[in-house]
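Remember, it's a predicted structure, so these values are computed and weren't measured experimentally.
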Amino acid sequence: MGRIDFTGKLSGELDQVIKDGFTYVNWGLVDASSIGLFYKLNGIDQAEVYVNDMKNTELTSKLSSSARISGLKPGEKNVIRLNWISIENPTQTDSLEFIITPPALNAYMLGESKAAFGSVVDLKQYGKWYLVDNQTLISQNTVPKYIDIQGEAAGWRVDMSSKFADSVGYELNQIKEDKQSPFERQWWIVNAFDNGEYVQGYSSSVGLVTKEDLEKYTGIVLSDSSHPNRMVTSLAFSNPNTYGDSYGKSGNTGPVFTEDASEADTFLNSHIKSAAAGTLQNFKFKATVKNNVEFKGQGTPEDPYVIPTLADGEPVITKLDSPRYSQSSAVGDNAIRLQWHAVEGAEQYILKRGSEILYEGPLLEYVHEGVNFNSITKYTLVARKGEIYSEESKFTIGIRNYIPYPPDFRAEALDSSKVRLTWSKADYAAEYVITRNDLPLAVTKSTSYEDGNVTPDTTYIYKVIGRDGDNEGPPAVKSVKIPKVTEDVAPKGQINIRVNRVYDNRVDLQWNLVEGATQYEIYQNQVNKVWSGHSNTMIAYTLQPGRTYTYRVVASNKYGKIESSTIEVQTAGIPQSMNVAPMNASNATIAFEYQPIEGAVHYVERNPQTKYEPLGNGLYRKTYVNTATGETRDEGIVATVNGKLQFSEVGVERSKYYEYNIIAVRVRPDGSEEVIGKQTVAVTTPADGTGATVYGYNYPVLPYPYVNYNPTPSVTTGKNDSVTINTEVIPSNEGNKGLVNVVFTDIDRSYAKDAINSLAQKGIVRGYFDGTFGGQQKVTRAEFAIFLQRAFGYNSVIPYVNEFTDVHSDAWYYSEIAPALQQGILQGFQDRTLKPNAYITREQAASMIANVMKKEGYVLSSFTPYEDQKSISEWARSSIGLVAQESVMKGYPDQRFLPKNELTRQESAMMIYNLMKRNNDL
């Protein structure tokens with residue numbers, strides 16, 4: 001049969017090579033000189049195993065079994081041969097040879113020592129472990145725990161805030177808080193078992209073994225330390241294999257490896273079973289040991305590696321991490337409380353302003369008095385243990401703009417060699433720092449980047465951070481799996497499409513990635529291609545309530561294609577209102593309450609998202625998910641108050657616009673969510689918010705979300721530094737039929753007063769929560785296109801197929817600009833961007849208006865020269881001529897047009913009013 005070379009591998013499969021004699025044969029390295037052989041005989045009574053031409057053992061089991069094969073030479077090629085009597089010709093012997101090259105005895109680092117793969121490490125109270133990579137350990141023994149709480153309300157997730165003592169989250173958190181543990185705290189990634197998608201991440205010193213660990217370290221993960229020739233009897237993995245919803249992806253069942261196999265003919269699938277989250281399971285842990293820890297021993301079971309001082313409760317520490325700044329808050333008018341995170345092993349912290357030592361001691365906070373909040377104050381912080389000092393950590397307090405994480409961050413594998421990253425502009429960011437697996441990748445001023453240096457069949461974690469000088473915001477985080485190298489064949493496997501969530505006017509779809517596919521296409525009602533791209537999610541917009549649509553997905557490459565079966569989806573009916581009501585809020589907090597729908601799962605969505613799962617008797621399980629940063633946490637069990645669920649977001653920024661979608665869903669039999677209740681509320685926070693780092697903010701307030709506004713005073717408490725929501729701002733049914741009585745408090749002296757009032761009554765322009773119109777605020781390209789779309793009532797004939805790199809289907813403006821794009825009113829740039837969030841210039845506005853006028857039959861017949869004619873872009877000159885000819889837009893008294901000037905809201909209202917009046921649409 002030839003010889004298979006597994007050099008460089010720690011495990012391997014022989015299923016595809018052996019045609020008879022075995023149902024399957026797989027192997028996994030256990031240590032530098034032995035492997036575990038996992039097999040099942042089929043049609044033969046036994047097989048012989050030879051290592052380097054020396055007979056090692058016999059395989060005799062016709063059930064799924066394992067055998068320990070010893071005698072391999074570390075760092076050298078070892079030939080493993082299987083011999084068995086041929087089924088077709090009993091007088092002959094069939095055989096298979098494969099090569100395994102275990103890592104050399106000193107191939108890995110353990111602390112400051114060199115060690116071998118599979119070395120035994122005894123960490124005393126922290127258990128016994130195997131070394132599998134540099135500083136990387138997997139536990140010897142399994143630990144019986146619940147992955148979540150006990151019972152039907154459990155989800156298959158690692159909850160680091162769990163108070164349930166028998167859960168893995170509680171156990172991991174205990175180790176995380178143990179300052180004496182020898183483990184390095186890090187961010188652990190959990191992917192879905194079925195399709196490898198990112199599900200959640202959690203920060204801990206110790207993590208749970210995953211499916212990916214099983215595939216890479218098969219021999220170690222499945223070894224039973226008390227029975228060398230047996231597989232573990234049962235082992236669960238952190239990867240969920242069913243989804244609870246399309247956002248949190250928490251799942252309610254997970255994969256468990258069992259010693260007893262099913263009738264399946266492949267390994268490991270024949271041993272994998274699904275288990276409910278609320279049941280007791282066995283888990284193994286993995287960890288990264290600190291690289292400054294001293295070890296002694298030989299790494300054998302008889303003389304394992306140990307930390308000499310660990311028996312006394314404290315590892316040897318030769319280096320301290322830099323302390324990380326946590327937060328600050330104002331104390332009175334001229335003092336500030338500074339707080340920082342603890343550094344493992346540190347005894348003291350030294351806080352300085354310039355060269356002046358402000359504090360030296362063990363506490364994690366300090367109140368600095370006499371601070372001038374109208375100027376910048378720079379601090380340095382150092383951790384100390386005896387004569388060991390950490391590197392300085394620097395932070396600044398004072399007037400500086402808060403940079404949020406870049407919104408709309410997406411990472412797409414275009415093929416096996418390239419990843420495209422796109423995001424929208426983050427406020428106050430001058431440039432963006434891109435990292436891959438926490439290593440620097442690039443710095444760019446653009447809102448897109450392509451990474452062409454990737455390895456096929458590898459998962460990468462990308463982060464994008466906005467910054468301005470030394471002022472950096474939090475990262476947006478995405479995980480992306482690079483597909484395998486495409487062979488010269490069509491995509492392989494089966495593709496399945498499913499529905500995640502159904503609204504009255506949209507459907508959220510998802511499908512599995514298939515090997516070899518470079519593009520996916522979605523077809524609606526069999527023949528209408530409504531989307532194409534590289535990702536495996538899509539939102540179908542502009543649908544009608546209560547209608548049935550069909551969808552199928554086609555996966556393709558240049559050699560061919562495969563397609564899914566067709567699914568039928570019925571959109572939901574018009575959702576009912578959630579009856580949102582104001583409630584008292586503490587300082588710098590947005591708070592409200594709403595009436596839940598009995599039996600429904602509820603979401604408050606803004607990204608972050610808060611989920612409320614009903615448990616009965618007015619109790620709900622509350623979960624926090626931030627899809628941009630990857631942060632998730634279980635916030636425990638909450639109860640309704642006077643029959644209402646309460647929501648609050650603490651630490652909101654001042655003068656900033658916030659919008660929340662309150663959604664109630666019921667789960668359909670196919671697992672999809674049907675939206676049965678929906679209401680959107682919005683508010684701009686007061687200008688005098690608290691917090692020492694928020695001075696000097698001046699956030700622009702977006703006009704888009706306000707519908708049918710009847711102004712009422714906002715409700716506040718204390719010094720106007722908290723906000724509650726007035727629930728009549730946005731009704732749940734979008735759109736406007738008929739006239740609305742609108743009164744704005746700031747337009748009496750505006751030259752566009754009549755235009756603003758006329759358009760507001762028709763729902764074309766909308767005001768702010770405080771009753772103002774904000775005529776001097778600037779307008780973005782997306783907003784101006786939406787004004788035109790509302791004015792002329794354009795609709796999408798079919799769902800819009802997006803072709804721009806900076807337009808995303810979950811953006812707030814997407815559904816309203818789609819008709820303007822399809823009708824050619826709004827157009828993009830040559831670099832495949834639309835720049836929807838850029839402020840619109842006068843010449844760009846003239847071009848959009850002219851596109852509308854041409855559709856209405858207007859023709860350019862005269863031309864108005866301007867003093868600044870040379871500054872008008874060539875592509876805009878005919879458009880400016882047409883809008884000037886029809887008196888929709890005019891120049892200034894000095895005969896200049898000022899084409900590059902950015903439009904204000906009152907100018908936009910005046911132009912659209914002139915256009916509608918000229919077209920007899922008022």
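A heavy-atom distance below 4.5 Å is not found between the side chains of F183 and V293. Between F164 and D159, the closest side-chain pair of non-hydrogen atoms is not below 4.5 Å. For the pair Y460 and T455, the minimum side-chain heavy-atom distance is below 4.5 Å. Contact of the L14 side chain with the Y39 side chain is not registered, since no non-hydrogen atoms from C-beta on lie closer than 4.5 Å. Between Q135 and E184, every side-chain heavy-atom pair lies at or beyond the 4.5 Å cut-off. Two residues are said to be in side-chain contact when any heavy atoms from C-beta on lie closer than 4.5 Å; V120 and T300 fail this criterion. Between T210 and K286 there is a side-chain heavy-atom pair separated by less than 4.5 Å. A heavy-atom distance below 4.5 Å is found between the side chains of V601 and P614.
Looking only at distances, no side-chain donor or acceptor of D122 sits under 3.5 Å from a matching main-chain atom of V306. K77 places no side-chain N or O within donor-acceptor distance of the main-chain N or O of I99, the cut-off being under 3.5 Å. Not one N or O on the side chain of N512 forms a donor-acceptor pair closer than 3.5 Å with the backbone of I495. Side chain of S167 to backbone of Y170: a donor-acceptor contact under 3.5 angstrom is found. Within the 3.5 Å criterion, the main-chain N or O of P456 finds a donor-acceptor partner in the side chain of T458. The backbone N or O of G155 sits nowhere less than 3.5 Å from a side-chain atom of N252 that would complete a donor-acceptor pair. Within the 3.5 Å criterion, the main-chain N or O of G151 finds no donor-acceptor partner in the side chain of Y146. Looking only at distances, a side-chain donor or acceptor of N239 sits under 3.5 Å from a matching main-chain atom of N191. Checking side-chain atoms of T279 against main-chain N and O of A277 turns up no donor-acceptor pair under 3.5 Å. Using a distance-only test at 3.5 Å, with no hydrogens or angles considered, a donor-acceptor pair links the side chain of D670 to the main chain of S672.
In this structure, OG in S139 is found 10.5 Å from CD1 in I220, a value given to the nearest 0.5 Å. Rounding to the nearest 0.5 Å places CG of D213 at 8.0 Å from OG of S238. Residue Q200 holds its CD atom at 13.5 Å from CH2 of W188, rounded to the nearest 0.5 Å. Between atom OG1 of residue T218 and atom CE of residue M231 there is a gap of 12.0 Å, rounded to the nearest 0.5 Å. One finds the NE2 atom of H341 at 4.5 Å from the CZ atom of R324 (value rounded to the nearest 0.5 Å). Summarising the geometry, atom OH belonging to Y217 is positioned 4.5 Å from atom CG belonging to D133; distances are rounded to the nearest 0.5 Å.
Contact record, W84 with L96: CZ3-N, 3.9 Å, taken as the closest heavy-atom pair. The two residues S225 and Q140 come nearest to each other via the heavy atoms CB-OE1, 3.6 Å. The nearest pair of heavy atoms linking P74 to A32 is CG-O, 3.5 Å. Of all the heavy atoms in T23 and N42, the pair that sits closest is OG1-CB, 3.4 Å. When all heavy atoms of L72 and P102 are compared, the closest pair comes out as CD2-CG, 3.9 Å. Among all heavy-atom pairs drawn from F117 and P103, the shortest one is CB-CG, 4.3 Å.
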Review point. Can you check side chain to side chain contact (heavy atoms under 4.5 Å, CB included) on V206 and Y126, steps first, answer last?
Key: CA-CA 10 Å; V206 172; Y126 304 106; over 6 Å; no

Practice item. Let me see the working for E215 and S11 under side chain to side chain contact (heavy atoms under 4.5 Å, CB included), right down to the final yes or no. Key: CA-CA 7 Å; E215 293 172 344; S11 63; 5.9 Å; no

Exercise for review: Assess whether side chain to side chain contact (heavy atoms under 4.5 Å, CB included) is satisfied between Y202 and L208, documenting all intermediate values.
Suggested key: CA-CA 10 Å; Y202 59 95; L208 289 186; 3.9 Å; yes

Exercise for review: Verify side chain to side chain contact (heavy atoms under 4.5 Å, CB included) between V477 and I461, making sure each step is shown before the conclusion.
Suggested key: CA-CA 7 Å; V477 184; I461 305 298; 3.7 Å; yes

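By the 6.0 Å contact criterion, CG on D45 is open, its count of non-hydrogen atoms from other residues, nucleotides or ligands being 12 or less. The local environment of NZ in K9 is sparse, with at most 12 non-hydrogen atoms from other residues, nucleotides or ligands closer than 6.0 Å. Residue K55 places its NZ atom among more than 12 non-hydrogen atoms of other residues, nucleotides or ligands, all under 6.0 Å distant. No more than 12 heavy atoms of other residues, nucleotides or ligands lie within 6.0 Å of CG in N617, so this atom counts as exposed by the packing criterion. The neighbour count for K622 NZ, taken as heavy atoms of other residues, nucleotides or ligands under 6.0 Å away, is above 12.
Partner of E259 under the side chain to side chain contact (heavy atoms under 4.5 Å, CB included) criterion, chosen from L63, V232, T233: T233. For the side chain to side chain contact (heavy atoms under 4.5 Å, CB included) criterion with W27, the lone passing option out of I80, I69, I100 is I100.
Side chains of T253 and S274: no donor on one and acceptor on the other come within 3.5 Å.
Using a 4.0 Å cut-off between a side-chain N of Lys or Arg and a carboxylate O of Asp or Glu, D148 and R621 qualify as a salt bridge. The residues K211 and D194 are annotated as not salt-bridged, no charged nitrogen and carboxylate oxygen being separated by less than 4.0 angstrom. R501 has a carboxylate O that lies under 4.0 Å from a charged side-chain N of E673, or vice versa, which qualifies the two as a salt bridge. Between D260 and K273, none of the side-chain N atoms (NZ, or NE/NH1/NH2) sits under 4.0 Å from a carboxylate O, so this pair counts as no salt bridge.
Between H271 and F257, the ring planes are parallel. Angles under 30° get that label, and only those over 60° would be called perpendicular.
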